[in-house]
Participant: 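This is the structure I have questions about; it appears just below.
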2 protein chains.
Amino acid sequence: MKTSIAPSFNARRILSALRGRGVASRADLARDLQLTPSTVTRLTGDLIARGLIAERDEPIRTGQKGYPARLLELAPMGLCTAGVYLDPDRILTCLADSSGGVIVSEEVRAEDRSFETLMTEAAASIDRLVAQSGLDRARLAGCGVSYPGQYSEDPGRVMRIRQFDGWPEIDVQRDLSPFFGMPVSHMNDAKAACLAELYHGRARDLGNFCHVWLSYGIGGAAVVDQKPYLGRNNQAAEWGGLFPKSRPRPSGQDLLGMLEAAGVAVTRLSDIDASHLQLPVMREWTARAIDQLRWLCLVIARTYAPEAIIFGGTLHPDLLDEIVDELSGEAPLGEDFHFAAPPILRAEQDRMPQLGAAALPVHDVMGARMRADEARRGW
Amino acid sequence: MKTSIAPSFNARRILSALRGRGVASRADLARDLQLTPSTVTRLTGDLIARGLIAERDEPIRTGQKGYPARLLELAPMGLCTAGVYLDPDRILTCLADSSGGVIVSEEVRAEDRSFETLMTEAAASIDRLVAQSGLDRARLAGCGVSYPGQYSEDPGRVMRIRQFDGWPEIDVQRDLSPFFGMPVSHMNDAKAACLAELYHGRARDLGNFCHVWLSYGIGGAAVVDQKPYLGRNNQAAEWGGLFPKSRPRPSGQDLLGMLEAAGVAVTRLSDIDASHLQLPVMREWTARAIDQLRWLCLVIARTYAPEAIIFGGTLHPDLLDEIVDELSGEAPLGEDFHFAAPPILRAEQDRMPQLGAAALPVHDVMGARMRADEARRGW
DNA sequence: GCGATTAAATTGCATTCCAAAACAAAACGG
DNA sequence: CCGTTTTGTTTTGGAATGCAATTTAATCGC
């Protein structure tokens with residue numbers, strides 16, 4: 001057994017396969033991943049010793065000759081992480097296990113939007129959750145932080161964004177880790193939410209898909225080979241850019257604007273409830289948004305040709321359901337489709353946006369992609 | 001020294017770095033690739049022994065202290081490949097060296113478009129080129145075959161396309177290799193042309209870029225981490241799908257249609273010459289195509305956020321130059337660009353489309369990405 | 001019931017590839 | 001001329017895997 005936290009490349013491929021399949025025997029894994037049984041035995045032994053996966057004790061009786069397969073699965077509490085999501089007007093936090101189960105969660109209203117205040121409040125909330133859950137703090141692999149907004153230049157190090165004016169230029173490792181006392185990673189809200197789908201939701205078994213995140217803005221992510229493709233300045237898959245801000249667009253902010261103009265007293269997305277959904281102004285917005293999003297799906301299908309397009313966000317769930325129902329219905333996306341257009345699916349893990357943030361450390365530790373230090377060493 | 005043809009993962013990273021930089025010392029490579037000097041010495045020794053790279057004999061006098069760096073570069077004749085491009089009405093073939101130099105090339109008119117005829121003619125042409133060049137046939141690492149058209153389902157194995165009705169369903173390895181007597185790979189024409197830019201052209205030093213290929217149709221490719229991203233059914237980056245066939249579109253076929261309607265006697269793209277370029281109908285088509293392609297650039301910038309967008313094709317070179325000049329000029333792609341839009345560049349290697357095909361075996365052997373069999377073995 | 005058969009999982013050994021560190025070589029500069 | 005500096009080489013050891021032989025536990029057929 002090794003002492004390092006990070007599993008090796010093929011060990012992560014095994015974790016990834018188990019996530020996609022649910023359960024699998026060592027022999028299954030060897031076949032699927034083109035590894036030798038001996039390698040699988042060794043790596044899974046490692047992973048079991050570390051508590052990341054577990055062997056089911058029930059013997060399976062398939063009626064088949066030969067040694068009965070012993071099924072492996074992810075150990076739910078094998079990798080616990082913390083997540084912090086900063087809304088414009090609230091802080092959402094949670095602790096999550098490796099199967100995407102939210103152990104505890106909390107919502108905090110922030111006094112002001114200064115960097116210090118928000119991070120101090122968020123860290124205090126995580127501390128409360130740790131105490132409340134009785135979890136050993138050392139078992140937390142890391143804390144993910146996500147919030148809406150575009151990155152500025154020099155991605156990774158700096159993240160000044162418009163929503164939080166007055167914030168200093170931030171180096172994730174240097175400025176955030178001290179608050180939380182564990183490794184911290186950061187991503188834009190939509191791309192973090194996409195990770196929640198990749199690791200715990202609708203995209204568990206997909207390698208290439210696109211995610212559309214409808215919140216105050218229109219965000220998104222494209223996953224290529226189980227890895228978010230970021231592009232220059234992390235601007236890839238920022239679908240919102242396809243809808244000019246000078247014109248009506250399918251964003252939550254646009255919806256709130258229409259509601260306000262119609263005299264409906266709603267200023268936050270979280271204040272929209274079932275009673276609003278049948279208002280004429282709401283129907284009008286929805287119909288228009290669906291048309292625009294159908295066009296977006298066409299564009300995504302033609303550019304990324306993903307295995308699926310997944311819709312999620314902080315809009316009212318019924319609204320998102322309706323949008324997906326319409327888009328996945330009969331109306332064709334466009335002309336000249338010689339192959340079926342990608343299926344359009346509803347996100348499963350957007351009820352708690354902080355879960356996306358909590359998926360970030362999972363991605364760092366378990367992502368089945370090759371990391372820089374491994375490319376260097378050649379594994 | 002190893003006997004296998006394929007260099008190891010880090011050896012391919014070295015080849016890739018040399019392609020991007022032109023020349024580099026071992027110490028440069030160690031710094032850039034985060035490898036130890038010892039590893040670089042060993043791997044480059046291997047590559048030199050195999051003739052893939054060479055050491056410049058001139059000592060470089062930089063006026064700097066210390067052991068003078070000995071520069072390495074790709075050996076031009078280190079990896080020779082064959083390329084076959086099937087146009088609707090001709091066969092283009094070539095032999096190319098590893099720096100993208102075309103050693104010899106040929107154009108053949110085909111009797112008919114049957115699979116047998118075309119492949120027999122193509123193979124005969126390659127044989128002639130080998131004889132003509134005096135190259136040892138065993139030095140050819142492989143033959144790439146490309147032609148326009150969409151793939152059918154089951155990518156990789158099957159490739160029935162519309163342009164060549166009546167072709168059987170084809171398994172690349174089983175059905176093509178016998179004709180050429182060496183490893184054969186296949187890709188759609190636009191995606192192969194993109195490889196020519198990646199390995200020999202404008203994108204030598206880029207990791208992520210998009211390619212737009214203007215020929216009879218509108219093809220393209222998206223490269224992610226120096227690897228073409230194909231998507232479901234190899235339909236990714238098929239930009240043509242964004243322009244419905246029922247309406248005017250910026251394709252060569254559309255241009256020929258307009259010319260015919262205007263009474264200009266031109267039926268093939270290769271027949272368009274400088275005298276046609278100033279015709280009013282030509283100006284009309286160009287102006288409209290540029291508008292449409294500007295919109296395409298906006299879509300690409302918003303979806304892939306590539307480091308660059310590269311335009312190439314079999315349209316008249318002057319026409320392509322004009323399109324790129326216009327698109328990279330002052331007119332903005334769209335609203336709300338908080339970062340500079342990606343630069344729009346002219347392809348360097350589209351004069352001979354068969355060079356794209358010839359780049360396919362190069363990609364197979366030298367691509368600095370991890371191959372399946374390496375993930376399996378873990379190196 | 002019991003050996004034959006079959007498939008899964010394990011173990012020891014060889015191989016491949018790379019890192020670390022010590023070492024050697026060539027130029028510059030006082 | 002000799003120390004300094006930078007480049008490149010050699011040696012040793014470690015990490016991860018594949019291969020082949022072996023062990024284990026179930027079913028099948030007599």
Side-chain angles (χ1 to χ4, degrees), chain A residues 1-4 6-14 23-49 53 55-72 370-379, chain B residues 1-14 23-49 53 55-72 368 370-379:
Chain A
M1 173 178 166
K2 57 193 288 188
T3 49
S4 152
S8 71
F9 180 62
N10 278 331
R12 294 201 306 282
R13 291 178 69 217
I14 287 176
V23 295
S25 71
R26 292 168 179 78
D28 292 333
L29 293 170
R31 276 186 292 268
D32 282 14
L33 303 178
Q34 300 242 68
L35 294 165
T36 56
S38 65
T39 300
V40 175
T41 295
R42 196 165 0 82
L43 292 177
T44 53
D46 240 42
L47 294 170
I48 290 173
I53 65 176
E55 193 168 279
R56 284 206 176 163
D57 30 349
E58 340 132 27
I60 33 155
R61 337 202 118 261
T62 51
Q64 195 190 211
K65 270 191 185 180
Y67 194 115
R70 282 138 66 181
L71 294 182
L72 300 168
M370 173 158 286
R371 289 193 309 262
D373 62 320
E374 286 171 330
R376 189 165 65 82
R377 300 194 322 181
W379 293 313
Chain B
M1 176 179 167
K2 58 192 287 187
T3 47
S4 150
I5 306 164
S8 73
F9 180 63
N10 278 332
R12 294 201 305 280
R13 290 179 69 217
I14 287 175
V23 294
S25 70
R26 292 169 178 78
D28 292 333
L29 294 170
R31 274 187 295 268
D32 283 15
L33 304 178
Q34 301 244 67
L35 293 166
T36 56
S38 68
T39 300
V40 175
T41 295
R42 188 172 18 77
L43 294 178
T44 52
D46 238 43
L47 294 170
I48 290 173
I53 65 177
E55 193 168 279
R56 284 207 177 161
D57 29 347
E58 342 132 26
I60 33 155
R61 336 200 119 262
T62 52
Q64 195 191 212
K65 268 190 183 180
Y67 195 119
R70 280 140 65 182
L71 293 183
L72 302 168
M370 173 157 285
R371 291 191 309 262
D373 62 318
E374 284 171 332
R376 189 166 65 81
R377 303 191 320 177
W379 294 315

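Letters go in sequence order (proteins before strands), and every chain restarts at 1.
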Participant: For the side-chain contact (heavy atoms from CB on, under 4.5 Å) test, which of A:V23, A:L29, A:I14 pairs with A:L72?
Facilitator: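 The single option meeting the side-chain contact (heavy atoms from CB on, under 4.5 Å) with A:L72 is A:L29.
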Participant: So, does A:T36 get its side chain near the phosphate of D:dG18, meaning an N or O under 4.0 Å from OP1 or OP2?
Facilitator: yes
Participant: Rounded to whole angstrom units, what separation is found between the CZ atom of A:R12 and the P atom of D:dA16?
Facilitator: 11 Å
Participant: Let me know the distance between CZ of B:R13 and P of C:dC17, rounded to the nearest Å.
Facilitator: 15 Å
Participant: Please state how far atom CG in B:L29 lies from atom P in D:dT6, giving the value in whole angstrom units.
Facilitator: 19 Å
Participant: Residues two or more places apart in sequence or in another chain: which of them pass side chain to side chain contact (heavy atoms under 4.5 Å, CB included) with B:T39?
Facilitator: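 If we apply the side chain to side chain contact (heavy atoms under 4.5 Å, CB included) test to B:T39, skipping adjacent residues, the hits are B:L35, B:T36, B:R42, B:L43.
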Participant: Looking at D:dC19, does its base get a donor-acceptor pair with the side chain of A:S38 below 3.5 Å?
Facilitator: yes
Participant: Tell me the interatomic distance from A:F9, atom CZ, to D:dG18, atom P, rounded to whole angstroms.
Facilitator: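 Rounding to the nearest Å, CZ of A:F9 and P of D:dG18 are 12 Å apart.
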Participant: Show me the protein contacts with nucleotides 6-8 of chain C, counting only N or O atoms at under 3.5 Å.
Facilitator:
unit_1	atom_1	unit_2	atom_2	d
C:dT6	O2	A:G66	N	3.0
C:dA7	N3	A:Y67	N	2.9
C:dA8	O4'	A:Y67	O	3.2

Participant: Starting from P on C:dT16, measure out to CG on A:N10 and report it in whole angstrom.
Facilitator: 18 Å
Participant: What pairs of residues pass the salt bridge (Lys or Arg N to Asp or Glu O under 4.0 Å) test when at least one of them lies in residues 29-39 of chain A, not counting sequence neighbours?
Facilitator: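 Every salt bridge (Lys or Arg N to Asp or Glu O under 4.0 Å) pair that includes a residue of residues 29-39 of chain A, provided the two are not neighbours, is A:R21-A:D32, A:D28-A:R31.
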Participant: Could you tell me which non-hydrogen atom of B:A11 sits nearest to which non-hydrogen atom of B:L47, and how far apart they are?
Facilitator: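 So the minimum-distance heavy-atom pair works out to O-CD1, 3.9 Å.
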Participant: Round to the nearest Å and state the distance from A:I53 atom CD1 to C:dA9 atom C1'.
Facilitator: 14 Å
Participant: Send over the distance from A:L33 CG to D:dT17 C1', rounded to a whole Å.
Facilitator: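 After rounding, the reported distance stands at 14 Å.
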Participant: Starting at CZ of A:R42 and ending at P of C:dA14, how long is that distance when rounded to a whole Å?
Facilitator: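 In whole Å, C:dA14 P and A:R42 CZ are 16 Å from each other.
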Participant: Does B:P37 or B:L43 map to a spot on DNA chain C nearer the 5' end, using the closest nucleotide for each?
Facilitator: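 Whichever sits nearer the 5' end wins; that is B:L43.
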